[in-house]
Each structure stands twice: as C-alpha cells, then as structure tokens.
Amino acid sequence: MLAKPTTNSASRATPSKPLSWAEPLSWAEPLSWKVFLERFQTTAIAVCALLCIVLHLLMHYVWHLPSNVSNWPLWITLVLGGIPLVGDLLAKVFRWQFGADLLGGISIIVSILLGEYLAGAIIVLMLSGGEALESYALSNATSVLSSLAKRMPSIAHRQKGAEVEQIPLSEIHIGDQIVIYPHDVCPVDGTVVNGHSVMDESYLTGEPFLITKTIGSGVISGAVNGDSMLIIQSTHEASDSRYAKIMEVMHESEQTRPNLRRLGDQLGAWFTPVALLVAFAAWWFSGDATRFLSVLVIATPCPLLLAIPIAILGSISLCASRAIIVKSPVALEQIPQCRTAIFDKTGTLTYGEPTLTEQLVAPGFDSREVLSLVASLEQYSKHPLSRAIVRQAETEGLAKRAATQVSEAPGMGLTGVVDGKKILVTSRRKIGTMNLRGLENLSASGEGLECMVVINDTYAGTYQMRDAPRSDSRAFVEHLEAHHHINRVMILSGDRESEARYLAEQVGISEVLAQQTPEQKLEIVRRETERAKCLYVGDGINDAPAMMAASVGISIGTNSDVTAQAADVVVMDNTLQRVDEFLHVGRRMRQIALQSALGGMALSVIGMCLAAFGYLNPVSGAIAQEVIDVLAVLNALRAAWPPGKLSDI
C-alpha cells in the first residue's frame, strides 16, 4: 500500500501562484486589488449614494440644518458617482450606442441644472444600484459554474518506481502513473493499471450510481474516488483532460454576451426617443421644466434591462446543475423558436452500442443452452459484440460457466471450450470456408450486425444485433410537436439505409436521409435552417459541421471533444431527458426575460404619463422607478430557480 507522501516547506512542489488548467482559465485566480476595485466600482458608488442620501435626510428633516449644509452629501454623491456614470454614458454616445440608460445620464444633468439634487442623487443610486444588483445576481447565477474550478486539486501524486512524488498538474505527462488515494479527486484522464475501486462521476455526467473501476477501466478528471486506492496511467495532460474542457466551455459561456441583451438594447433604443418626446411635450404644454425631469426619471429603466442577461445567466446556472453545459447563451433564445429537429442516429436516438435482437438457433439446439455457452465464452472477449451477448444472457438469468483454451486470433473469431464443448463464434464469411455439419440450416443474411455460432464443428445458430433505440426515444420524438411546437423531425445519418429506416420505424420518424457524408449533412442542415430555425442533435465528430450550421446544435454524451467544441449546448448526461429539459429551460427563460423587460417598461410608461400630468415629482418618480427596476430584476432571478418539473417525457 502506497502511503500518501508528506512534504515540508522545502520540498513541497507547489507553484508560486494557484495553478490554472490553461491560460484562458486564469479567471479562476485570486483578484488583484486593482481588478477588485474596477469590478466593484458601481457597488461602491451605490453604497456611497445610499449613505449620503440618508445623511442628507437626517441633516434636513431631523437636525433641521440649512440647505447649503444639508445638501453637501448630495453634492458629494453627484460628484463621486454622477460624473463617472455620466462619463460612461457619454462614451457610449460617441460609439453610437443609444440605450435606455442614456435617459439616466440626461436626468442627472437636468437635476443639477434645476437644483433637484436629491432627485439626481437617487438617479445615481438607481443606476449604480441596478448594476450592483446585476453583479450580485450574476455571481449567484454562475455559482454552479465557478464551483467546478474550486473542486480540482492543485497537485497530483506521481509514482516513480517505489517513490511517490507531489507535482503540479502542469507537470503531468501522457503515460505517467498517477496515484489516486481514497476520496481524492482524479486530476487527469487515464486508465486504471492497478487497484479496484468505485468513483463518483455524478458531478460531471449526472450518473447517479457509483461506477466500478478496475484494471483497464477509463477514468475522467474530476471524478471522486471511493474507499480504495487506484493507480492510473494518464492518457491526457491536465490541460487536455475532460474536466479542463468542461471548465473551458464554462468560461466561454460566462464570457459570451447573451443575444437577448441585444434585444434589451433595441427596446431601450426605441424607448429613449419616446421618453424624450413625452418629456419635452410635458415641459412644452405645462411650462414647468420640473415635469421634463420627472418624466425622464421615471423613464430610466437601465437596471430593468439588466434583468434580461440575469435571466439568461440564471438559466445557464440551472442547466449546469442538470449536467447541461450551455456554451452559447444565444441557444437559449433560439431554442423556443426552432420548428425543425434533425437527429443523428447512432448514440443520439440509440444507445450507440449493439443489442442482441434475434437468436436464430438451428434445429436440435436449445436457445437458452446455446446462449449460456456462448456468453460463457464471450465474457473473455473484448470484441464490441461480446458485451451484447453477455448482457442478453444476464437479462435472461443464465449462469455463466468457466471457459478454457480461449483464443481470439484476428480474423479467425473467438474459440474456447465450455463444459467440454468446443465453441466457435465467427463471421458468415469465415464459416463459409469451413467444413462444418448443419450448414444447410444456415439462415439467410439479415440486416444489421451478425455472428455465427458453431458447437463441436456443427452450425448451431446465428445471432443478429442492432443498435437499439433508447427506451425514451419514441416518447421524446412524439412529444416534440405538442409540447415544443417542433413540427418537422428527421434522421440524418451516415449509416446504412436499412439501419436508419429500422430506427425511424421504432421511434416514429418518417423522414430519413441515410448514408450522408459530413459535407452532405452540412448542406442539408443549411438548407433546412433557411426554411425554419433548426435544432441539430448529434454525438460524433462527423456531426460537428452540421451542428455549427444549425440554429442550435446540441452534443449528447461526452464521446467527442470535437463535437463538444462545435455544439452550442453539451449534454453531459447521455440521455434524451436532458435534451428535453434544455428545451423547457429555454422556453421558460425567454418567457421570464420578456416578462421582466416588457412588463417593467409598461409600468414605466404608466409612470411617465403620471409624471407628465404632474402627479409625480422627480424624487417620487425616481423612487417609483427604483421599485419597478427591483421588481423586474427579482422576477428575472426566478430563471435560476428549478421548477417542480423540467421534463414531460
């Protein structure tokens, strides 16, 4: 048993700064004071504005100090908070970026000119407080994502001979033997070379069960080891391992600007001239410049429009907690509008592994006895079909027996002796060259994969296998139109026509395009996307170009890093239920985002009308708008809260 090494300060191999998986992930490092101050500038302004407003109210209404004294806190707020905010807004104007927050800058300037210092200070609080609330909300919305970075160790334990040394993750090379102690997090992808344990991969894949790991088993970085030690041989460097890739797409999703935010900018660009028109009209017809300010104050929905990205980031967080990685937030906006769904076959609507579907046993042989004999031999094989046979025997409750003289020479098939009977499992082509009894009973060639069984030099049967559909494939396909308004579903596969047609019949899809190359898939998806917004779901490298051409591309499973990079959404848990959950999250996000934006703006319009007719002064208008903005943002935060049910299949 290898003991966990102990180190002193002189020998400890710890890098001078916290190790990041790759350069793009440096966001996980501690913030410098400069970055900290830049990031929380608006929070500081909001706190300063709030304290100064409270101090002004105390000085004016409680201590009854003269105005030239009690207004000092307001002047401080307008100088320290108003100037930076107005400066940022002017910079946007020079870049021809006209949003609703421009109204806030105009309102601050007008309040100073009219001597309405309290109203101006409240606007500063409203603008800075809204952005501070956004920062807080986004930090909570992305907590599931950032927690991934905190789970990984900064060091690994590498075995060299009888010694175990601590090394930073950056020094792990392919082929190194890494010791994973009980309850440690696996630092790198690899293959078990010594030991037997179980690992918890639920945080990565959503798989609720502990996965048994023995010699030859693959392990993924980020998985938590069980009660026993394992020694693995690394197959990737740390920066290329599965966990690092997950962190990269997480970082990408956090940095990508949501497309619905642009919708908010468009709403603001339309809303700004309308608000200015109403404000000038109120001033013109009443002759009171204060009404101009009152209208602008109530029409300042900058924090309101921040509710849209909050809803998007909250939905990304909800997806992450369901083992769904949203790389492109645009996908959340697009998915409710998709009307065509295109599926790859293998590994998407199917399990991606063969299933024994037909047992054609020759006369004179018992099907259960043949299956028991063959499964007893196949348990020693690594051929892809062997697992299907063994799994079927287990399903039928057949006991496996010991096999001897097992041999699996390339191109010759699998041979061995079970209970004194010589068993051969081979191909149709090979059996045709052999001198065997009972070949007149040989069944005709069927569709799918097949293997021939020979017992004591006598043909005993044919096993036919197919890539069986997932248990929920048909229910998933059938509910797409009724629940998600997807009225066209098709299979686009590189597999044979017969296999694609067989699957289509099983899951209830009528449109099938088989034997398509990646180039042909790309052209088909482009054509379909021109007709209507299109969802593409696949899992293989050959699906990557088509995914990028679709309105929304979803990679199901973790079989291909290339596909994961091309997809807008990566479903880590290999199940269609997670795809359905993403469809529901996208629809729910859009409803909440538009509800927050349009509902809040409607309330602002009502307030503008009241202000135009003199029922709201600048201070009461600012307070009313602040209430509207807070309500809109709080409503947007609902997107991160998991509903009672996210799937209906």
### Message
Out of the candidates T350, T348, N574, T575, only one should pair with R470 under the side chain to side chain donor-acceptor pair (under 3.5 Å) rule; please name it.
### Response
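For R470, the side chain to side chain donor-acceptor pair (under 3.5 Å) check succeeds only for N574.
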
Going from [atom1] on [X] to [atom2] on [Y], what distance comes out if it is rounded to the nearest 0.5 angstrom?
X    : Y    : atom1 : atom2 : result
S221 : D189 : OG    : CG    : 4.0 Å
L646 : I324 : CG    : CD1   : 8.0 Å
D200 : N225 : CG    : CG    : 10.5 Å
L583 : D648 : CG    : CG    : 9.5 Å
L436 : D457 : CG    : CG    : 6.5 Å
C319 : M572 : SG    : CE    : 13.5 Å

Hey, does [Y] have a side-chain heavy atom less than 4.5 Å from the side chain of [X]?
X    : Y    : value
L230 : Y181 : no
V188 : E237 : no
S234 : I172 : yes
V185 : I180 : no

### Message
Run S551 and Q334 through side-chain hydrogen bond (donor to acceptor under 3.5 Å, both in side chains) and show every step you take.
### Response
CA-CA 7 Å; S551 305; Q334 297 290 329; 5.0 Å; no

#### Entry: Partners passing side-chain hydrogen bond (donor to acceptor under 3.5 Å, both in side chains) against Q520 (at least two apart in sequence or in another chain)
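For Q520, the residues satisfying side-chain hydrogen bond (donor to acceptor under 3.5 Å, both in side chains) (neighbours in sequence not counted) are T517.
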
Can [X] and [Y] be counted as having a side-chain donor-acceptor contact under 3.5 angstrom?
X    : Y    : answer
Q159 : E163 : no
Q359 : S367 : no
T355 : R466 : no
D580 : S647 : yes
Q516 : E523 : no
K533 : Q337 : yes

### Task
Return yes if some donor-acceptor pair links the side-chain N/O of S372 with the main-chain N/O of A399 below 3.5 Å, else return no.
yes

### N/O donor-acceptor pair under 3.5 Å between E396 side chain and A393 backbone
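Here the side-chain-to-backbone pair does not exist.
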
### Query
After noting the C-alpha distance and the side-chain angles of R501 and E497, does the key distance pass the salt bridge (charged side-chain N to carboxylate O under 4.0 Å, His left out) rule?
CA-CA 6 Å; R501 290 287 176 188; E497 180 84 18; 2.8 Å; yes

### Message
Whether R437 engages the ring of Y459 as a cation-pi pair (distance to the six-membered ring centre under 6.0 angstrom, angle to the ring normal within 45°) should be assessed.
### Response
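R437 over Y459 ring: no.
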
### Task
Mind jotting down which residue pairs meet the salt bridge (Lys or Arg N to Asp or Glu O under 4.0 Å) criterion with at least one end in residues 167-183? Sequence neighbours excluded, please.
R158-D176

### Query
Who pairs with H484 by ring pair (Phe, Tyr, Trp, His ring centres under 6.0 Å), at least two apart in sequence or on another chain?
H479, H584

### Message
Using the ring pair (Phe, Tyr, Trp, His ring centres under 6.0 Å) criterion, which residues pair with F582? Sequence neighbours excluded.
### Response
none

May I ask you to decide whether [X] forms a salt bridge with [Y], counting only side-chain N to carboxylate O separations under 4.0 Å?
X    : Y    : answer
R587 : E581 : no
E378 : R391 : no
R488 : E528 : yes
K327 : D568 : no
E530 : R526 : no

### Task
For E478, enumerate each residue passing the salt bridge (charged side-chain N to carboxylate O under 4.0 Å, His left out) test, keeping only those at least two apart in sequence or located in another chain.
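Partners of E478 under the salt bridge (charged side-chain N to carboxylate O under 4.0 Å, His left out) test: R474.
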
### Query
Sequence neighbours excluded, which residues qualify as side chain to side chain contact (heavy atoms under 4.5 Å, CB included) partners of F365?
V361, A362, V370, I455, T458, A460

